[in-house]
Amino acid sequence: MTSVIDITDVSLSYGDTPAVSDVSLTVETGEFLGLIGPNGSGKTTLLHIMLGLLEPDTGSVELFGTPIDAFDEGHRIGYVSQQSTNKGSSMPVTVREIVEMGRFSHVGSRRLGADDHAIVDDALETVNIDTLQHRRVNALSGGQRQRAYIARALASEADLLALDEPTVGVDAESRDQFYGLLDDLNNNGITIVLIEHDIGVVTDRASRIACINRELFHHGDTASFVESNALADAYGASGRIVHHHH
Ligand code: ADP
């Protein structure tokens, strides 16, 4: 079976500052990978490398079995960046218009047809924002906005969903509902990579965990992570503080 993501010996520095050093890992079809590590440990950088958004200095990246240079199925990847959820968009576009963008790579230069609109309707319903579809995205709460971007990924028929700290600034109830939605999507076969600072959320939800602090400290199933010293090793003293919340 081909992996969804396969990175080998990947390193990237910003100038003289190494951000990711010699990381190799795979994400398999249907997996829910939690990517954790302290602030500034290279999580976003690594995710960008994994999705082909940043080119590593050394190492190789394959998406869905294809070397990144030859990969041309971007619609299979749904990416909800920190920026899209936290700051939102200043563009005066409605929720429905955002979700319709998910169809663009499928329709090319033709207009959206009835089939496309049905897929958009489904996506809006799946994430439970169909009643908000005519609202402007920048008038939504952070939690609602995340749902809009996830609906866009669903409309593009993405089979990999990558999210970077999607619940920052979202209240506890919306957060639980949001993670329930992610579980449902994962149970329906969508592969998930999630950066999340709340380690309790990750150990509750993810099937595998990658714990980094520039280098990879642990990559394996959640149970083996909980039993390992990777958390303390990667986080130092701060790891214990974070862990005490749970
Ligand atoms: P995390 O997501 O774990 O907080 P990042 O991948 O954002 O970590 O950052 C890793 C390190 O690289 C940090 O020291 C950060 O300051 C630095 N960094 C991130 N992006 C840039 C950039 N565009 N230019 C220079 N340094 C950066």
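Indexing begins at 1, ligand by ligand and atom by atom, following the structure's order. For the single chain, residues carry numbers from 1 onward in sequence order.
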Protein residues having a heavy atom less than 4.0 Å from any atom of ligand 1 = Tyr14, Ala19, Pro38, Asn39, Gly40, Ser41, Gly42, Lys43, Thr44, Thr45
Could you list the residues that satisfy side-chain contact (heavy atoms from CB on, under 4.5 Å) with Asp184, not counting sequence neighbours?
-> none
Ser24: side-chain hydrogen bond (donor to acceptor under 3.5 Å, both in side chains) partners, not counting sequence neighbours = Asp9
Verify whether one side chain among Thr191 and Glu31 offers a donor that lies under 3.5 Å from an acceptor in the other.
-> no
Is it true that Arg76 and Asp159 make a salt bridge, defined as a side-chain N closer than 4.0 Å to a carboxylate O?
-> yes
May I ask you to say whether Asp121 pairs ionically with Arg96, meaning some side-chain N is under 4.0 Å from a carboxylate O?
-> yes
side-chain contact (heavy atoms from CB on, under 4.5 Å) partners for Ser60, two or more places apart | Thr8
